[in-house]
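Here's the structure we're looking at; comments come further down.
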Amino acid sequence: MRKLILLYILLLLCIGSSSCQRHDMLMDCSCSNRAKIPIAIDWTKSGIVPKNVTILFYKEDCGSLAFEHNYEHNDKEVETYVYLPVGKYTAVVFNELRNEINDVKVKGYKNLSTLGFYADEDTEIIERSAGMYVEEPDILGLKVIRNIDITPEFIADLNDKGSTNDSSVIDSTYNMLTNIEPENKVSLINIVLHVKGLNNARMPALIDLRNISGAYMPAEDINNTTPAVIQFDMNNRIYNTGSTTEGNISGKIAFFGVLGDRYSVEDQPTEAPIILDVLFMLVDKKKTLIRQKLDITDLITFDVVHTGSITLTTDIHLDVALPDVEPEGGSDSGFGSGLNDWDIIDVPL
(Lines give C-alpha, C1' and ligand atoms only; values in the text may rest on other atoms or scores of the structure.)
Protein backbone atom coordinates (compact mmCIF):
# COMPACT_ATOMS: atom_id res chain seq x y z
CA MET A 1 0.00 0.00 0.00
CA ARG A 2 2.78 2.37 0.90
CA LYS A 3 4.45 1.70 -2.47
CA LEU A 4 1.22 2.51 -4.27
CA ILE A 5 0.97 5.84 -2.45
CA LEU A 6 4.56 6.72 -3.40
CA LEU A 7 3.90 5.82 -7.03
CA TYR A 8 0.76 7.98 -6.99
CA ILE A 9 2.72 10.94 -5.62
CA LEU A 10 5.41 10.51 -8.29
CA LEU A 11 2.73 10.39 -10.99
CA LEU A 12 1.22 13.64 -9.76
CA LEU A 13 4.65 15.28 -9.76
CA CYS A 14 5.26 14.19 -13.36
CA ILE A 15 1.87 15.50 -14.50
CA GLY A 16 2.54 18.83 -12.80
CA SER A 17 5.94 19.22 -14.41
CA SER A 18 4.48 18.60 -17.90
CA SER A 19 2.58 21.91 -17.73
CA CYS A 20 5.77 23.65 -18.74
CA GLN A 21 6.68 23.45 -22.43
CA ARG A 22 9.30 20.80 -23.22
CA HIS A 23 12.65 21.94 -24.68
CA ASP A 24 15.29 19.80 -26.30
CA MET A 25 17.86 20.98 -23.78
CA LEU A 26 17.21 19.90 -20.16
CA MET A 27 16.15 22.90 -18.07
CA ASP A 28 14.61 23.66 -14.68
CA CYS A 29 10.88 23.44 -15.37
CA SER A 30 9.67 25.75 -12.63
CA CYS A 31 7.26 28.03 -14.47
CA SER A 32 7.45 30.66 -11.73
CA ASN A 33 11.12 31.12 -12.58
CA ARG A 34 10.52 31.70 -16.27
CA ALA A 35 8.76 34.23 -18.46
CA LYS A 36 5.93 33.00 -20.67
CA ILE A 37 6.58 34.79 -24.00
CA PRO A 38 4.16 34.68 -26.95
CA ILE A 39 5.34 33.76 -30.45
CA ALA A 40 3.72 34.98 -33.68
CA ILE A 41 5.60 34.73 -36.99
CA ASP A 42 4.38 36.37 -40.21
CA TRP A 43 5.77 34.45 -43.22
CA THR A 44 4.15 36.67 -45.87
CA LYS A 45 7.32 38.56 -46.73
CA SER A 46 9.41 35.43 -47.28
CA GLY A 47 6.74 34.02 -49.61
CA ILE A 48 6.36 30.65 -47.89
CA VAL A 49 3.88 28.81 -45.67
CA PRO A 50 5.94 26.44 -43.54
CA LYS A 51 4.70 23.20 -42.03
CA ASN A 52 6.83 23.67 -38.91
CA VAL A 53 8.82 26.44 -37.25
CA THR A 54 12.12 26.28 -35.38
CA ILE A 55 13.55 28.86 -32.97
CA LEU A 56 17.09 28.45 -31.67
CA PHE A 57 17.87 30.45 -28.52
CA TYR A 58 21.51 31.35 -27.92
CA LYS A 59 23.14 32.83 -24.81
CA GLU A 60 24.35 36.30 -25.70
CA ASP A 61 27.38 36.19 -23.41
CA CYS A 62 29.00 33.13 -25.03
CA GLY A 63 26.88 32.35 -28.12
CA SER A 64 26.20 28.76 -27.09
CA LEU A 65 22.83 27.13 -27.68
CA ALA A 66 20.52 27.48 -24.67
CA PHE A 67 17.64 25.47 -26.12
CA GLU A 68 15.62 24.75 -29.25
CA HIS A 69 11.89 25.42 -29.58
CA ASN A 70 9.78 23.76 -32.31
CA TYR A 71 6.10 23.97 -33.10
CA GLU A 72 3.66 23.31 -35.91
CA HIS A 73 2.79 26.41 -37.92
CA ASN A 74 -0.79 27.60 -37.41
CA ASP A 75 -3.04 30.61 -38.04
CA LYS A 76 -3.66 31.58 -34.42
CA GLU A 77 -2.95 35.15 -33.32
CA VAL A 78 -0.44 33.69 -30.86
CA GLU A 79 0.92 30.50 -32.38
CA THR A 80 2.66 29.19 -29.27
CA TYR A 81 4.47 30.29 -26.12
CA VAL A 82 8.04 29.79 -24.98
CA TYR A 83 9.14 29.79 -21.33
CA LEU A 84 12.39 31.76 -20.95
CA PRO A 85 14.53 31.64 -17.79
CA VAL A 86 16.54 34.63 -16.65
CA GLY A 87 19.23 35.52 -19.17
CA LYS A 88 20.05 37.41 -22.34
CA TYR A 89 19.35 35.66 -25.65
CA THR A 90 19.60 35.87 -29.40
CA ALA A 91 16.87 33.96 -31.23
CA VAL A 92 17.12 32.55 -34.76
CA VAL A 93 13.75 31.79 -36.37
CA PHE A 94 13.50 29.69 -39.53
CA ASN A 95 10.99 27.57 -41.43
CA GLU A 96 10.69 23.83 -40.82
CA LEU A 97 12.57 21.59 -38.44
CA ARG A 98 16.33 21.31 -38.74
CA ASN A 99 17.31 19.51 -41.95
CA GLU A 100 13.74 19.44 -43.30
CA ILE A 101 14.21 22.25 -45.83
CA ASN A 102 14.69 20.57 -49.19
CA ASP A 103 18.39 20.23 -50.09
CA VAL A 104 19.52 22.25 -47.07
CA LYS A 105 21.33 21.01 -43.94
CA VAL A 106 21.69 22.93 -40.67
CA LYS A 107 25.24 22.61 -39.36
CA GLY A 108 27.19 24.00 -36.41
CA TYR A 109 23.96 24.91 -34.61
CA LYS A 110 25.40 24.43 -31.10
CA ASN A 111 26.89 27.93 -31.33
CA LEU A 112 25.57 31.05 -33.05
CA SER A 113 28.95 31.88 -34.59
CA THR A 114 29.10 28.51 -36.36
CA LEU A 115 25.42 28.15 -37.27
CA GLY A 116 25.11 27.67 -41.03
CA PHE A 117 22.54 26.56 -43.60
CA TYR A 118 24.35 24.44 -46.20
CA ALA A 119 23.16 23.33 -49.61
CA ASP A 120 23.34 19.56 -49.99
CA GLU A 121 26.13 18.09 -52.07
CA ASP A 122 25.02 17.29 -55.62
CA THR A 123 26.28 13.89 -56.70
CA GLU A 124 24.18 13.53 -59.86
CA ILE A 125 26.23 15.82 -62.06
CA ILE A 126 28.69 15.61 -64.92
CA GLU A 127 31.79 16.51 -62.99
CA ARG A 128 34.07 18.84 -64.90
CA SER A 129 35.16 21.45 -62.35
CA ALA A 130 37.25 21.33 -59.20
CA GLY A 131 35.37 21.82 -55.95
CA MET A 132 32.19 20.54 -54.34
CA TYR A 133 29.00 20.62 -56.41
CA VAL A 134 25.89 21.71 -54.50
CA GLU A 135 22.16 21.29 -55.01
CA GLU A 136 19.70 24.11 -55.66
CA PRO A 137 18.37 24.98 -52.16
CA ASP A 138 14.71 25.45 -51.34
CA ILE A 139 13.52 28.68 -49.71
CA LEU A 140 15.07 29.53 -46.35
CA GLY A 141 12.95 32.05 -44.42
CA LEU A 142 14.97 33.37 -41.49
CA LYS A 143 15.08 36.13 -38.91
CA VAL A 144 17.57 36.91 -36.13
CA ILE A 145 16.20 38.63 -33.00
CA ARG A 146 18.83 40.00 -30.63
CA ASN A 147 18.89 41.49 -27.12
CA ILE A 148 16.11 39.41 -25.57
CA ASP A 149 16.73 40.34 -21.92
CA ILE A 150 14.81 38.32 -19.35
CA THR A 151 15.44 39.75 -15.88
CA PRO A 152 14.13 38.57 -12.48
CA GLU A 153 12.19 41.84 -12.26
CA PHE A 154 10.52 41.17 -15.61
CA ILE A 155 9.47 37.66 -14.53
CA ALA A 156 8.19 38.98 -11.20
CA ASP A 157 6.14 41.64 -12.97
CA LEU A 158 4.52 39.07 -15.25
CA ASN A 159 3.71 36.77 -12.37
CA ASP A 160 2.40 39.53 -10.09
CA LYS A 161 0.39 41.61 -12.56
CA GLY A 162 -0.60 39.04 -15.15
CA SER A 163 -0.29 41.65 -17.91
CA THR A 164 2.26 44.03 -19.40
CA ASN A 165 0.12 47.09 -19.94
CA ASP A 166 1.76 49.14 -17.19
CA SER A 167 5.21 49.45 -18.69
CA SER A 168 6.36 50.13 -22.24
CA VAL A 169 9.70 48.49 -21.44
CA ILE A 170 7.99 45.32 -20.32
CA ASP A 171 5.67 45.47 -23.32
CA SER A 172 8.58 45.57 -25.74
CA THR A 173 10.31 42.60 -24.11
CA TYR A 174 7.10 40.61 -23.84
CA ASN A 175 6.35 41.10 -27.55
CA MET A 176 9.86 40.60 -28.94
CA LEU A 177 8.81 37.35 -30.61
CA THR A 178 5.58 38.64 -32.14
CA ASN A 179 5.16 40.31 -35.52
CA ILE A 180 8.38 38.65 -36.67
CA GLU A 181 8.84 38.73 -40.47
CA PRO A 182 11.48 36.27 -41.72
CA GLU A 183 13.15 37.02 -45.05
CA ASN A 184 14.17 34.65 -47.82
CA LYS A 185 17.94 34.19 -47.59
CA VAL A 186 18.28 32.24 -50.85
CA SER A 187 19.36 34.21 -53.92
CA LEU A 188 18.45 33.79 -57.58
CA ILE A 189 20.68 34.36 -60.57
CA ASN A 190 19.33 35.23 -64.02
CA ILE A 191 21.74 34.66 -66.91
CA VAL A 192 21.36 35.79 -70.51
CA LEU A 193 24.05 34.56 -72.89
CA HIS A 194 24.34 36.04 -76.41
CA VAL A 195 25.76 33.59 -78.92
CA LYS A 196 26.88 33.81 -82.54
CA GLY A 197 26.43 30.59 -84.47
CA LEU A 198 23.68 29.50 -82.10
CA ASN A 199 22.12 27.45 -84.89
CA ASN A 200 25.05 25.04 -84.61
CA ALA A 201 24.30 24.06 -81.00
CA ARG A 202 22.07 21.41 -79.54
CA MET A 203 20.05 22.45 -76.54
CA PRO A 204 20.32 22.70 -73.64
CA ALA A 205 23.80 23.99 -72.92
CA LEU A 206 25.43 22.61 -69.77
CA ILE A 207 26.51 25.25 -67.23
CA ASP A 208 28.90 25.13 -64.29
CA LEU A 209 28.69 28.28 -62.15
CA ARG A 210 31.93 28.17 -60.20
CA ASN A 211 33.20 29.82 -57.03
CA ILE A 212 29.79 30.58 -55.59
CA SER A 213 28.79 30.07 -51.95
CA GLY A 214 27.22 26.87 -50.74
CA ALA A 215 25.92 28.16 -47.41
CA TYR A 216 24.38 31.07 -45.46
CA MET A 217 25.70 32.16 -42.03
CA PRO A 218 23.03 34.07 -40.05
CA ALA A 219 25.21 35.41 -37.23
CA GLU A 220 26.73 38.00 -39.56
CA ASP A 221 24.17 37.80 -42.40
CA ILE A 222 26.86 36.69 -44.84
CA ASN A 223 27.50 33.72 -47.08
CA ASN A 224 30.06 31.03 -46.40
CA THR A 225 33.40 31.78 -48.07
CA THR A 226 34.29 28.24 -49.16
CA PRO A 227 33.91 28.12 -52.98
CA ALA A 228 31.37 25.69 -54.43
CA VAL A 229 29.99 24.85 -57.86
CA ILE A 230 26.40 24.55 -59.04
CA GLN A 231 25.48 22.83 -62.31
CA PHE A 232 22.36 23.43 -64.38
CA ASP A 233 21.21 23.64 -67.98
CA MET A 234 20.32 26.68 -70.08
CA ASN A 235 17.86 26.62 -72.94
CA ASN A 236 15.21 29.18 -73.95
CA ARG A 237 16.80 29.78 -77.34
CA ILE A 238 15.66 33.04 -78.97
CA TYR A 239 17.11 34.23 -82.28
CA ASN A 240 17.73 37.89 -82.97
CA THR A 241 15.18 39.58 -85.18
CA GLY A 242 15.94 38.78 -88.82
CA SER A 243 18.65 36.23 -87.96
CA THR A 244 18.74 32.45 -88.08
CA THR A 245 22.24 32.14 -86.65
CA GLU A 246 22.60 34.67 -83.81
CA GLY A 247 20.55 34.87 -80.63
CA ASN A 248 20.61 34.16 -76.93
CA ILE A 249 19.91 31.46 -74.41
CA SER A 250 18.86 32.15 -70.84
CA GLY A 251 18.33 30.42 -67.54
CA LYS A 252 18.00 30.99 -63.81
CA ILE A 253 18.76 29.02 -60.69
CA ALA A 254 18.45 29.47 -56.92
CA PHE A 255 21.62 29.36 -54.83
CA PHE A 256 23.03 31.01 -51.72
CA GLY A 257 24.88 33.64 -53.70
CA VAL A 258 28.40 34.97 -53.96
CA LEU A 259 31.13 34.49 -51.36
CA GLY A 260 30.99 36.61 -48.21
CA ASP A 261 29.00 39.82 -48.60
CA ARG A 262 25.59 38.87 -50.01
CA TYR A 263 25.02 42.22 -51.71
CA SER A 264 28.18 42.64 -53.79
CA VAL A 265 31.31 40.91 -55.07
CA GLU A 266 33.48 42.88 -52.64
CA ASP A 267 34.49 39.72 -50.74
CA GLN A 268 35.04 37.58 -53.84
CA PRO A 269 38.73 36.54 -53.76
CA THR A 270 40.80 37.48 -56.80
CA GLU A 271 42.05 33.90 -56.95
CA ALA A 272 38.46 32.60 -57.04
CA PRO A 273 36.48 34.74 -59.50
CA ILE A 274 32.93 33.76 -60.41
CA ILE A 275 33.23 31.67 -63.56
CA LEU A 276 30.46 30.82 -66.00
CA ASP A 277 31.68 27.58 -67.56
CA VAL A 278 29.53 26.86 -70.64
CA LEU A 279 29.56 23.61 -72.58
CA PHE A 280 27.82 23.40 -75.95
CA MET A 281 27.21 20.21 -77.90
CA LEU A 282 27.12 20.87 -81.63
CA VAL A 283 24.59 19.36 -84.05
CA ASP A 284 27.12 17.39 -86.06
CA LYS A 285 27.27 13.60 -86.05
CA LYS A 286 30.33 13.57 -83.77
CA LYS A 287 28.50 15.74 -81.23
CA THR A 288 31.48 18.05 -80.99
CA LEU A 289 31.89 19.81 -77.65
CA ILE A 290 32.69 23.51 -77.43
CA ARG A 291 33.61 24.89 -74.02
CA GLN A 292 33.85 28.56 -73.13
CA LYS A 293 34.73 29.94 -69.70
CA LEU A 294 33.94 33.52 -68.75
CA ASP A 295 34.85 35.53 -65.65
CA ILE A 296 31.54 37.24 -64.82
CA THR A 297 32.55 38.64 -61.41
CA ASP A 298 32.31 42.27 -62.51
CA LEU A 299 29.35 41.67 -64.83
CA ILE A 300 26.82 40.87 -62.08
CA THR A 301 24.22 43.33 -60.81
CA PHE A 302 22.46 42.88 -57.45
CA ASP A 303 18.85 43.69 -56.66
CA VAL A 304 17.15 43.09 -53.29
CA VAL A 305 13.54 42.04 -53.85
CA HIS A 306 10.58 42.40 -51.48
CA THR A 307 10.98 38.87 -50.06
CA GLY A 308 14.45 39.74 -48.80
CA SER A 309 16.06 37.56 -51.46
CA ILE A 310 18.71 38.94 -53.77
CA THR A 311 18.41 38.64 -57.53
CA LEU A 312 21.71 38.56 -59.41
CA THR A 313 21.62 39.34 -63.11
CA THR A 314 24.28 39.03 -65.77
CA ASP A 315 24.04 39.67 -69.51
CA ILE A 316 27.02 38.30 -71.44
CA HIS A 317 28.24 38.10 -75.03
CA LEU A 318 30.38 35.15 -76.10
CA ASP A 319 33.42 36.52 -77.90
CA VAL A 320 33.88 33.48 -80.13
CA ALA A 321 31.15 32.24 -82.48
CA LEU A 322 30.20 28.58 -82.47
CA PRO A 323 31.72 26.98 -85.60
CA ASP A 324 29.60 25.97 -88.55
CA VAL A 325 29.10 22.21 -88.80
CA GLU A 326 27.13 19.81 -90.98
CA PRO A 327 23.96 18.85 -89.05
CA GLU A 328 23.66 15.20 -88.16
CA GLY A 329 20.30 15.01 -89.95
CA GLY A 330 16.72 14.37 -88.96
CA SER A 331 13.78 16.69 -88.66
CA ASP A 332 15.16 18.72 -85.77
CA SER A 333 18.88 18.40 -86.54
CA GLY A 334 19.58 17.80 -82.87
CA PHE A 335 17.78 20.90 -81.64
CA GLY A 336 15.46 18.84 -79.47
CA SER A 337 18.19 17.06 -77.54
CA GLY A 338 17.99 16.77 -73.78
CA LEU A 339 20.39 16.39 -70.87
CA ASN A 340 20.43 12.62 -71.38
CA ASP A 341 22.67 13.26 -74.41
CA TRP A 342 25.41 14.42 -72.02
CA ASP A 343 25.43 11.06 -70.23
CA ILE A 344 27.05 9.32 -73.17
CA ILE A 345 29.71 11.97 -73.70
CA ASP A 346 33.15 11.94 -72.10
CA VAL A 347 33.29 15.53 -70.88
CA PRO A 348 36.85 16.76 -70.28
CA LEU A 349 37.73 18.60 -67.06
Side-chain angles (χ1 to χ4, degrees), residues 24 43 46-56 65 68 70 73 92-144 182-191 204 206-234 251-260 262 268 272 274-277 279 307-312 339-340 342-343 347 349:
D24 290 343
W43 297 94
S46 61
I48 55 176
V49 180
K51 181 179 179 181
N52 296 291
V53 179
T54 295
I55 308 178
L56 302 176
L65 181 68
E68 177 176 338
N70 310 111
H73 172 66
V92 180
V93 178
F94 58 92
N95 55 302
E96 308 311 335
L97 305 180
R98 281 188 290 110
N99 301 332
E100 287 196 356
I101 302 174
N102 290 336
D103 296 314
V104 176
K105 291 291 185 295
V106 181
K107 299 180 181 181
Y109 68 94
K110 292 298 180 71
N111 198 289
L112 180 59
S113 64
T114 57
L115 173 65
F117 294 79
Y118 290 76
D120 286 345
E121 183 176 359
D122 188 355
T123 57
E124 297 182 0
I125 42 88
I126 298 173
E127 189 171 350
R128 58 193 185 89
S129 300
M132 186 178 79
Y133 283 80
V134 294
E135 295 273 10
E136 181 178 12
D138 207 347
I139 295 177
L140 167 64
L142 186 142
K143 187 74 173 182
V144 177
E183 296 182 341
N184 181 9
K185 298 300 182 179
V186 174
S187 297
L188 182 74
I189 187 164
N190 291 317
I191 300 171
L206 190 63
I207 309 296
D208 275 11
L209 187 62
R210 295 161 47 186
N211 297 326
I212 51 92
S213 179
Y216 170 71
M217 314 301 288
E220 299 182 68
D221 190 30
I222 61 173
N223 290 330
N224 183 275
T225 54
T226 301
V229 186
I230 192 164
Q231 186 173 96
F232 58 104
D233 59 275
M234 277 176 52
K252 59 184 178 181
I253 193 167
F255 71 134
F256 278 113
V258 298
L259 301 179
R262 300 174 60 232
Q268 196 73 29
I274 301 169
I275 300 295
L276 187 70
D277 190 339
L279 193 63
T307 63
S309 177
I310 302 171
T311 298
L312 291 73
L339 281 178
N340 59 322
W342 292 104
D343 295 336
V347 179
L349 294 178

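Of all heavy-atom pairs spanning Phe256 and Ser213, the tightest one is CB-O, 3.8 Å. Taking each heavy atom of Pro182 and Gly141 in turn, the nearest pair found is CB-C, 3.8 Å. Summarising the geometry of Pro227 relative to Thr225, their closest heavy-atom pair is CD-O, 3.4 Å, with the distance given to 0.1 Å. Here the shortest heavy-atom pairing between Val134 and Ala228 reads CG1-CB, 4.0 Å. Taking each heavy atom of Glu183 and Gly308 in turn, the nearest pair found is CB-CA, 4.0 Å. Of all non-hydrogen atoms in Val186 and Ala254, the two that sit nearest each other are CG1-CB, 3.9 Å.
Using cut-offs of 30° and 60° on the angle between ring planes, the pair Tyr216 and Phe117 is tilted.
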Met132 vs Thr226, side chain to side chain contact (heavy atoms under 4.5 Å, CB included): CA-CA, chis, key distance, verdict: CA-CA 10 Å; Met132 186 178 79; Thr226 301; over 6 Å; no
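Annotation: Glu220, atom CD; neighbour count of heavy atoms from other residues, nucleotides and ligands within 6.0 Å does not exceed 12. Atom NZ of Lys105 sits in a crowded spot, with more than 12 heavy atoms from other residues, nucleotides or ligands closer than 6.0 Å.
Once rounded to the nearest 0.5 Å, the distance linking CG of Leu276 with CE of Met234 reads 6.5 Å. To the nearest 0.5 Å, atom CG of residue Leu115 and atom CZ of residue Arg98 are 10.0 Å apart. Separating the CG atom in Leu209 from the CD1 atom in Ile191 is a distance of 5.5 Å, to the nearest 0.5 Å. A distance of 8.0 Å separates CG of Asn70 from CG of Leu56, quoted to the nearest 0.5 Å. Interatomic distance, CD of Gln231 versus CD1 of Ile253, reported as 9.5 Å (0.5 Å rounding). Atoms CG and CD, from Asn223 and Gln268 in turn, are 10.0 Å apart once rounded to the nearest 0.5 Å.
Contact of the Tyr118 side chain with the Met217 side chain is registered, since non-hydrogen atoms from C-beta on lie closer than 4.5 Å. In this structure, the side chains of Glu124 and Tyr133 stay at 4.5 Å or more apart for every pair of heavy atoms. Annotation: side chain of Val92 is not in contact with side chain of Tyr109 (no heavy-atom distance under 4.5 Å). Between Phe94 and Leu140, some side-chain heavy-atom pair lies under the 4.5 Å cut-off. Taking 4.5 Å as the limit, every side-chain heavy atom of Asp103 sits out of range of all side-chain heavy atoms of Asp138. The shortest side-chain heavy-atom distance between Val104 and Glu96 does not fall under the 4.5 Å cut-off.
Considering Thr54, Asn95, Ile48 in turn, Asn95 is the only one that fulfils the side-chain contact (heavy atoms from CB on, under 4.5 Å) rule with Ile101.
A donor-acceptor contact shorter than 3.5 Å is absent between the side chain of Asp208 and the backbone of Arg210.
Residues Glu100 and Lys51 are not paired through a salt bridge, judged by the lack of any N-O separation under 4.0 Å between the basic side chain and the carboxylate.
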